[in-house]
Amino acid sequence: MDRIIRFWWVGLCLFPALSGAQVQLVKHGQPKGRIVIDQTIAVDSLAAALLQRFVGEMSGAELPVQDFRDALGARPGDVLIGAFQLDSWSNPPAVMDSLVDDGFLIHTRDGYLRLISGGGNGSVYAAVTLLDDYLGMNYYAKETYTLSRQADIHLPAMSLEDHPAFTYRQTFSYGLEDPVYKYWFRLEAPDEAFAGNLWVHTFDRLLPSDQFGESHPEFYSLIKGQRQPGKASQWCLTNSEVLERVSQQLDSVFEAHPEHDIISVSQNDGNFTYCTCDNCAAIDEREGSPSGTLIHFVNQLADRFPDKTISTLAYLYSMHPPRHLRPRSNVNIMLCSIDAKREVPLTDNATGQDFVKALKGWAEISDNIFVWDYGINFDNLVAPFPNFHVLQPNMELFHRHNVRMHFAQVGGKRGEDFSELRAYMLSRLLWNPYQNADSLMLEFMKGYYGAAAPHLYQYQKMLEAALLSNEVPLWIYDTPVSHKDGMLRSRLRFRYNKLFDQAERAVEDDPELLRRVRRSRLPLQYAELEIARTMPERDPVRLNVMLDTFAARTARYGVKTLNERNNAPGDYCRLYRERYLRKPEGNLAAGAKVIWEAPPSPGYLEGAAEALTDELYGGTTFGDSWIGWEGRDGSFIVDLGEVQPVQSVETDFLHQLGAWILLPKSVTYTVSEDGAAYEAFGKEILPEDRSREVKFVGVKSEQPAPVSARYIRVEIEGVKVCPSWHYGVGYPAWFFVDEVVVR
């Protein structure tokens, strides 16, 4: 090897340094240089392949790729990729010493095109930067890019150093199905960094409750005086045997994955489910936060694995740092902003300021912080979510407070609200959070939407202004209905649709651009449908046409789900027709008076009686027309106004596990003519339902022949406490009711 390197150095010396010279890669459609690499280095080979492919697409010339051992020295115009060239570079720039992992240097001042990596994927990122910034190529979405056709390709004299603001950069986008997209936007995935792909909510993976819950309930949280083993339960973090067993697990995982040096030991999903035994409670009380026991525990793991990094969540109950404990230097804090509203930057509203307080607190005691930020409406993915104006200031905030790693969790599937634009902007900002976000938006829109871009840009700016001009917050579990008097009021929706009409006309002769515009219009069309179903007066003909259009386009454009619970657009359209376009014929309870016996929870009492009999059915979000009871049973009487023949009674329930909304155990109906003496009418037992989908479940009792009744009593037996398999194990469960139908 020494002989080969010396020979390569002699070859370089045959050519004088060309100070300030340009490098010509292609002339008149013919290659002028070669790509020279160490072919044993996979990442450099990938960089060479990308450069060769796209230079070829631009010019028609294929730059040959050679191993440096076979190249017999370098020639002016050659592309040198990798560390092999360093021993023969007589006067490298001083910035070479400052390159970091994933950083790179692009240098042409001596007549060669040199791509030098600081480690990681640096050489690949150098290649895509060259294509993006200097050769006129742009990437937008999965397998969607533009490039400049040119018979001559030359580069100016330059020496460019670049490196990432965050050492780990992750987002969601269907573009990641395309490996070029992933490298182009310099993104990473958990399985590339975390040993055994153990990265968040790992307690039950490391110490499975179905394996240890029955034999060792003491391993799990004491909640309300009782040990609660379960898939969503947390650990008793002061139990010494838990520490020993988890240490053994980590040892096994690291041994199986020697290439990785970070692992997540982090709480299961859910809130309030931490252990309250005497030992755990004492630490948390002293530290002023349930993060106390967590840091106490992971610090011990960090001491046992000093050459590894133990990552843990600061999430929901553990968001705020402990008062006295300090994370070890090899403890990574994954801080989550899940409770913050999104209409303004995190520094500008109360929920965001609470997160910022936590961020500043962690930054004072750790320089090893991973922020998990949220940027889309998970309950209604295909709905307008104008948060583009907060992306840059939030990311700059993170970078200024010791954040090393960042995951921007956004909806990234086809059809979600401007998902391609959001993924583009976030990936650019993950590399450099000090860029102008508005410029990034315009850059993307012009390239991706063509002549439709000015209209869609105006749409986004109008939506942003309308959001900021009212007091309705933007929430990651939002519903378009909550904005029907704000940014989605009728006058504005009319204007938004005009802008989309103009956008469609601008690209009507280009099928691909028209498809992109129409796919981006789906969230507005969904919002129109959602708002329309809440109106007492509806136009069934118009709504059926809108549903036909929405169903056809979601199917054509590959839109698979409307929310994170995987409810499909086709099912939505079918249920919409059944639920909102067909009033219950002969409903004796329409407009009936409701008398409470065991009333709903306080936040749902106002207007609840009218909501149960207004014949306006609730949607998939619990804040929309539903009436809720938390941790207890419910009971009410529907007064039909006079004695009438009754043959069936049905109540409508919501199933939404992510919001701790479970179906009740049973519903009992009794009837009375005088309101004093009640007779049995029917009792329905509901089976436990663990499915993730959001559902509407009608609970109906029916008699073979009508009975005379004026009063219908509805008694609902709730689950009351979330079971062991649920996120809220040991804490109160909800049930939600909407419409009552009596026939």
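On a predicted model such as this, the values are computed, not experimentally measured, just so you know. Residue indices begin at 1 and follow the sequence shown.
The closest side-chain donor-acceptor pair between K700 and S648, if any, does not fall under 3.5 angstrom. Side-chain contact check for N271 and Y315: no donor-acceptor pair (N or O, by modelled atom type) lies under 3.5 Å. Between the side chains of E684 and Y669, no donor-acceptor pair is found at a separation under 3.5 Å. No side-chain donor-acceptor contact under 3.5 Å links R342 and N377. A side-chain N or O of D373 and one of S337 form a donor-acceptor pair less than 3.5 Å apart. Side-chain contact check for N380 and T621: at least one donor-acceptor pair (N or O, by modelled atom type) lies under 3.5 Å.
Put simply, the side chain of N470 never gets that close to the backbone of D485: no donor and acceptor are under 3.5 Å apart. Proximity of a side-chain donor or acceptor of Q647 to a complementary backbone N or O of Q703 within less than 3.5 Å is detected. A donor-acceptor distance shorter than 3.5 angstrom exists from the side chain of H201 to the backbone of D269, with no hydrogens or angles considered. Not one N or O on the side chain of S601 forms a donor-acceptor pair closer than 3.5 Å with the backbone of G603. Under the 3.5 Å distance criterion, the side-chain polar atoms of N349 are left unmatched by any main-chain donor or acceptor of P345. A distance-only check finds a donor-acceptor pair linking the side chain of D417 to the backbone of F385 [under 3.5 Å]. When atom types are taken as modelled, the side chain of T171 and the backbone of A423 share no donor-acceptor pair closer than 3.5 angstrom. Y731 places a side-chain N or O within donor-acceptor distance of the main-chain N or O of F272, the cut-off being under 3.5 Å. With hydrogens and angles ignored, the 3.5 Å screen pairs a side-chain donor or acceptor of H726 with a backbone N or O of L657. Formation of a donor-acceptor pair under 3.5 Å by the D379 side chain with backbone atoms of I476 is not found in this model.
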**OP:** Could you go through the side-chain contact (heavy atoms from CB on, under 4.5 Å) check for W626 and D738 one step at a time?
**Re:** CA-CA 5 Å; W626 293 96; D738 184 17; 3.5 Å; yes
**OP:** Show the numbers, then the answer: is there a side-chain contact (heavy atoms from CB on, under 4.5 Å) between W199 and Q170?
**Re:** CA-CA 12 Å; W199 86 289; Q170 182 189 348; 3.6 Å; yes
**OP:** Given side chain to side chain donor-acceptor pair (under 3.5 Å), test T534 with K484 step by step and report yes or no.
**Re:** CA-CA 10 Å; T534 68; K484 70 178 181 180; 3.2 Å; yes
**OP:** Let me see the working for Y448 and R516 under side-chain contact (heavy atoms from CB on, under 4.5 Å), right down to the final yes or no.
**Re:** CA-CA 8 Å; Y448 191 71; R516 294 175 191 172; 3.5 Å; yes
Subject >> Stepwise side-chain contact (heavy atoms from CB on, under 4.5 Å) check, Y457 with K446 >> reply: CA-CA 9 Å; Y457 178 76; K446 290 174 182 176; over 6 Å; no
**OP:** Evaluate side chain to side chain donor-acceptor pair (under 3.5 Å) for Y424 paired with E443, printing each intermediate quantity in order.
**Re:** CA-CA 10 Å; Y424 180 91; E443 176 184 281; 2.3 Å; yes
**OP:** Output, in order, the C-alpha distance, side-chain angles, deciding distance and verdict of side chain to side chain donor-acceptor pair (under 3.5 Å) for E715 and T668.
**Re:** CA-CA 5 Å; E715 296 174 282; T668 302; 5.3 Å; no
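Heavy atoms of other residues, nucleotides or ligands lying less than 6.0 angstrom from CZ of R690 number more than 12.
R565 approaches G658 most closely through the heavy-atom pair NH2-CA, 3.0 Å.
Here K341 contributes atom NZ and L346 contributes atom CG; the two are 12.0 Å apart, rounded to the nearest 0.5 Å. Going from atom CH2 of W660 over to atom CD of E630 covers 8.5 Å, rounded to the nearest 0.5 Å. Atom OH of Y449 sits about 11.0 Å away from atom CD of E512, to the nearest 0.5 Å. Considering OG of S427 and CH2 of W184, their distance stands at 12.0 Å, rounded to 0.5 Å.
For E530, the side chain to side chain donor-acceptor pair (under 3.5 Å) partners two or more places apart in sequence, or in a different chain, are R533, Y572. Among residues two or more places apart in sequence or in another chain, the side chain to side chain donor-acceptor pair (under 3.5 Å) test is passed with T554 by none. Listed by chain and residue number, W475 satisfy the ring-ring contact (aromatic ring centres under 6.0 Å, His included) test with Y477 (two or more places apart in sequence, or in another chain). Remark: F388 pairs with no residue by the ring-ring contact (aromatic ring centres under 6.0 Å, His included) rule, at least two apart or across chains. For E585, there are no salt bridge (Lys or Arg N to Asp or Glu O under 4.0 Å) partners at least two apart in sequence or on another chain. Evaluation of the ring-ring contact (aromatic ring centres under 6.0 Å, His included) rule for Y617 yields no partner, not counting sequence neighbours. The ring-ring contact (aromatic ring centres under 6.0 Å, His included) check on W734 picks up Y604, F736, with sequence neighbours excluded. T620 is linked by a side chain to side chain donor-acceptor pair (under 3.5 Å) to nothing, counting only residues two or more places apart in sequence or in another chain.
For the ring pair (Phe, Tyr, Trp, His ring centres under 6.0 Å) condition, the pairs that include at least one residue of residues 478-499, sequence neighbours left out, are Y459-Y496. Sorted by first and then second residue, the salt bridge (Lys or Arg N to Asp or Glu O under 4.0 Å) pairs with a member in residues 458-469 read D438-K461, K461-E464; sequence neighbours excluded. Applying the salt bridge (Lys or Arg N to Asp or Glu O under 4.0 Å) rule to pairs touching residues 534-551 yields D548-R577, sequence neighbours excluded. Counting only residues at least two apart or in different chains, salt bridge (Lys or Arg N to Asp or Glu O under 4.0 Å) contacts with residues 492-501 comprise R493-E528, D501-R521.
Aromatic ring orientation, Y374 versus W372: parallel (interplanar angle below 30°, classes split at 30° and 60°).
Looking at I376 and L381, their side chains come closer than 4.5 Å, going by heavy atoms from C-beta outward. Counting heavy atoms from C-beta on, the side chains of Y140 and Y181 never come closer than 4.5 Å.
A salt bridge links R579 with D652: the distance from a Lys NZ or Arg NE/NH1/NH2 to an Asp or Glu carboxylate oxygen falls below 4.0 Å. Salt bridge annotation for K142-E177: present, with a cationic side-chain nitrogen under 4.0 angstrom from a carboxylate oxygen.
Seen from the ring of F636, R713 does not count as a face-on cation partner, given the 6.0 Å and 45° thresholds.
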